[in-house]
J.: 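Dropping a structure here in structure tokens format, bear with me for questions.
Just so you know, these numbers use all the heavy atoms, side chains as well, and skip hydrogens, waters and symmetry mates. Computed from a predicted structure; not experimentally measured.
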Amino acid sequence: MGADMRLVELLEELSLLLELSGENPFKAQAYARAARTLVEHEIDVHRAVAEGTLRQLPGIGPALEEAITEYVRTGTITLYEHLQQQVPEGLLELTQLPNVGPKRARQLYEQLGIASVDALEQACREHRVATVKGFGVKTEQALMEAVQQWKHSRFRLHLHTALREVQRWRERILALPDVTSVVVVGTLRRYAEIIEEISLLVTTPFPERLSKALRKELPEAVAETGTRFAARGERGVRIWFELAPVEVAGWMLFQGTGSEAFVAAIEAELRARGFQPAPHGLLKDGEVVPLRTEEELFALLGLPVVPPELREGGEIVAIARQQGLPRLVSRADFCGMLHVHSTWSDGKASIRQMALAAKELGYRYIAICDHSPSAYYAGGLSYERLKQQHAEIDRLNAEDLGIYILKGTEVDILPDGSLDYPDETLEQLELVVASVHSHFKQSRHEMTSRLVRALEHPAVHILGHATGRLLLSRPPYEVDIEAVLATALRLGKIVELNAQPYRLDVSWEYLQRWRDQGLHIAINPDAHSAAELEYTDLGIALARKALFPPDQVVNTLSLEEFRQFCRRHTQQ
DNA sequence: GCCGTTTTCGGCCCGACTGTTTTCAGTCG
């Protein structure tokens, strides 16, 4: 069992509240660090309290032990309750804005009485923010932009958060009587990168009865119709529930999944065959056609079932009709887990733990790619530490863990496009992923030349998260990504589809344009913990959206093939 | 608040960047 997430969230918020109330920042950090420790060590706090083992954990001393013990006994922490009374609620919201930390939030509150993002927006409009000491006109403008960005991303979720949210609601709804199934539909079923609302299709033999039960279970939900309800979930995201009789569940699933263009294309084919599509059922001669599954619907048209992630547009219907669905990369093709971190730099798990976790997931080899020296904040490895790491990898491989560990690096691309290790060091590595982690504000021309130069380095195999975007928080840096992808293709270099749900970089739309040209990609979790290895699956879904076949995804290569591929593509 | 072959007090991942200053504070990765 993992850590108690409510406690973890409580400790994190407590840390922020301490900073906001002007406490010693190191004291505040101690609470945040304790929260991380509980997660990383997957601590069952109830057991740890019972056994009195909390103090053995790094960063947990007498005060944290007492706070956690109190939480286990009472469900809360007095200090937290106390601070919550003292610190205005909106200050936490303010710290979510980029460039607003606890200090500035406090200043804005004390000087201007600002205690919410809305109040900050108003103050910016009235140019009151620029009058505060330490703030100026530029800061005011930047804050105004940050407010707009925040309002835009409010109520939106990253893919993994949305999937977790679905899990929670599914369990809750499945516990009700008369529920046959709860299936996610909408953009989430299609694996959109950002989820604006979650839609769940609830099938039942008795829609009216379930409607009543649902109303009772979710009193806060708003009923749009007798069979359609809206509630609010994680971070205020809207959750739709649609009740459907089992006889037409397949039709409703198809309708709910979309996209509009895809539904229209299928409906056009149905009309041509004498069917009349309607929102709540497919009709033929005025009678509802029973369609319990999507398979039955596609079979009506003599089409293969189009996987949900491919349904962004209508063109796929014509493709499926004329030449069948292309063979797409899938989880079953995967052998290699590339680009993962370990405790040698900023990862949370040891090399052994990461390797064994990857083996459990069915992988045959794993490339440990920790950071290089310039990424000091991430504990980047000096040459000496890199050598030590290699010795450990040799020892682990000698143990024969049932998965082969490759010696890799995620080397920083420095501002001028050179790499953060000397050539002799890079030559000793089996896999070189090169990524940008600093100096994001270069001009488009500088950034493009920087990435091109990195790709031209003979030791580089993979270009990591090439646009630098962080979904919902940071736009990509200025770069001519098309020129970069063209260079990768020309040199036979691999472009990463970074599967971190915050990144999903390079985006599938860009990759799709270069797929036909023969671009090779690597789908990498960039995992910092064993749990994050599973992000790979999100990346696979997005590669499928871009219609990548297995042979253009290097993770599908066997170990020997992968090594050959790397050798071939770095010999100039 | 935590920690300790720098050890019971005084540090705490360090440097870049930005916008504000006129020598630095706050934030970020």
Side-chain angles (χ1 to χ4, degrees), chain A residues 11-12 14-38 54-70 77 79-80 83 91 94-111 124 129-146 149 341 343-348 370-382 385 410 412-416 420 435-443 446 464-465 468-470 473-475 477 500 502-503 505 526 528:
Chain A
L11 289 172
E12 280 167 354
L14 180 48
S15 163
L16 202 49
L17 287 168
L18 281 167
E19 282 212 70
L20 283 168
S21 63
E23 261 286 4
N24 173 5
F26 294 108
K27 177 173 168 179
Q29 272 173 32
Y31 283 84
R33 206 169 69 226
R36 279 199 306 274
T37 301
L38 295 179
L54 277 176
R55 286 285 289 279
Q56 294 167 11
L57 294 167
I60 295 185
L64 261 308
E65 181 189 37
E66 197 184 322
I68 295 169
T69 305
E70 186 190 358
I77 299 170
L79 178 61
Y80 172 77
L83 286 168
L91 288 195
L94 283 181
T95 60
Q96 288 171 16
L97 297 171
N99 299 311
V100 180
K103 296 264 169 57
R104 283 186 172 163
R106 229 163 91 84
Q107 242 178 325
L108 289 168
Y109 176 64
E110 281 169 3
Q111 310 266 329
C124 285
V129 173
T131 65
V132 178
K133 190 161 174 245
F135 289 72
V137 178
K138 282 198 177 172
T139 305
E140 188 174 82
Q141 282 167 355
L143 284 178
M144 191 62 171
E145 276 171 38
Q149 174 67 32
H341 295 271
T343 44
W344 282 83
S345 67
D346 59 348
K348 313 301 181 209
D370 276 312
H371 290 281
S372 60
S374 282
Y376 194 90
Y377 58 85
L381 271 57
S382 64
R385 298 248 311 139
E410 182 181 18
D412 262 45
I413 301 175
L414 301 176
D416 65 354
D420 196 25
S435 314
V436 165
H437 290 112
S438 65
H439 300 82
F440 298 119
K441 300 232 161 122
Q442 288 181 321
S443 72
E446 281 173 323
H465 47 72
R469 73 174 180 178
L470 291 179
S473 66
R474 189 176 74 200
Y477 36 66
Q500 281 276 331
Y502 305 99
R503 293 190 183 272
D505 182 11
D526 194 357
H528 289 73

J.: From A:Glu70 CD over to A:Leu79 CG, what is the distance, rounded to the nearest 0.5 angstrom?
T.: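 These two atoms lie 9.0 Å from each other.
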
J.: Which value, rounded to the nearest 0.5 Å, describes the distance between A:Leu143 atom CG and A:Lys138 atom NZ?
T.: 14.0 Å

J.: Answer with yes or no whether the side chains of A:Ser374 and A:Asp412 bring together a donor and an acceptor at under 3.5 Å.
T.: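 No.
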
J.: Hydrogens and angles aside, do A:His437 and A:Glu410 bring a side-chain donor and acceptor to less than 3.5 Å of each other?
T.: yes

J.: Could you check whether A:Lys441 gets within reach of a base, just the sugar-phosphate, or nothing at all, counting any heavy atom under 4.0 Å?
T.: sugar-phosphate

J.: Can you tell me if A:Arg33 touches the phosphate of B:dC3, counting only side-chain N or O atoms and a distance under 4.0 Å to OP1 or OP2?
T.: no

J.: Quickly work out the A:Lys133 NZ to B:dT20 P distance and round it to whole Å.
T.: 14 Å

J.: Expressed in whole Å, how much space separates the C1' atoms belonging to B:dG19 and B:dT23?
T.: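 Pairwise C1' distance, B:dG19 against B:dT23, rounds to 13 Å.
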
J.: Among B:dT20, B:dT18, B:dG1, which nucleotide has an atom closest to any side-chain atom of A:Phe26?
T.: B:dG1

J.: Please report the distance separating the P of B:dT21 from the corresponding atom of B:dT27, rounded so that it comes out in whole Å.
T.: 16 Å

J.: With rounding to the closest Å, how many angstrom separate the P atoms on B:dT20 and B:dG15?
T.: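 It comes out at 25 Å once rounded to the nearest Å.
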
J.: By nearest atom, which of the nucleotides B:dG1, B:dG26, B:dG19 is closest to the A:Lys103 side chain?
T.: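 Output: B:dG26.
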
J.: How long is the straight-line distance from CD of A:Glu23 back to OG of A:Ser15, given to the nearest 0.5 Å?
T.: 11.0 Å

J.: Check this for me: does the side-chain of A:Asn99 come within 3.5 Å of the base of B:dG26 through a donor and an acceptor?
T.: no

J.: Take atom P in B:dT5 and the same atom in B:dC12, then report the distance between them in whole Å.
T.: 15 Å

J.: A:Arg104 side chain: which of B:dT18, B:dG26, B:dG29 is closest?
T.: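 Nearest nucleotide to the side chain: B:dG26.
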
J.: For the P atoms, the ones on B:dG10 and on B:dG26, what distance do you get once it is rounded to whole angstrom?
T.: 24 Å

J.: Roughly how far apart, to the nearest Å, are B:dT8 and B:dC3 at atom C1'?
T.: 10 Å

J.: Say you draw a straight line from CG of A:Leu38 to CD1 of A:Ile60; how long is it, rounded to the nearest 0.5 Å?
T.: 5.0 Å

J.: Could you tell me the Watson-Crick or G-U partner of B:dT8, where both distances fall under 3.5 Å? Say none if there is no partner.
T.: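 In the structure as shown, B:dT8 has no Watson-Crick or wobble partner.
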
J.: Of the listed nucleotides (B:dG1, B:dT20, B:dG29), which one gets closest to any side-chain atom of A:Asn24?
T.: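 Selected nucleotide: B:dG1.
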
J.: OP1, OP2 of B:dA16 versus side-chain N and O of A:His439: anything below 4.0 Å?
T.: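 No.
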
J.: Do any side-chain nitrogens or oxygens of A:Thr139 fall under 4.0 Å of OP1 or OP2 in B:dT20?
T.: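 Looking at the OP1 and OP2 atoms of B:dT20, one of them is under 4.0 Å from a side-chain N or O of A:Thr139.
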
J.: Between A:Val137 and A:Gln107, who's closer to the 5' end of DNA chain B by nearest nucleotide?
T.: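 The 5'-side residue here is A:Val137.
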
J.: Please compare A:Pro98 and A:Gln29 by the position of their nearest nucleotide in DNA chain B and report the one closer to 5'.
T.: A:Gln29

J.: Taking any heavy-atom pair under 4.0 Å as a contact, classify A:Arg474: base, sugar-phosphate, or nothing.
T.: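 Sugar-phosphate, no base atom in range.
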
J.: Rounded to the nearest angstrom, tell me the gap between atom NZ in A:Lys138 and atom P in B:dA25.
T.: 21 Å

J.: Whole angstrom is fine here: how far is it from CZ in A:Arg106 over to P in B:dG26?
T.: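 Rounding to the nearest Å, CZ of A:Arg106 and P of B:dG26 are 10 Å apart.
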
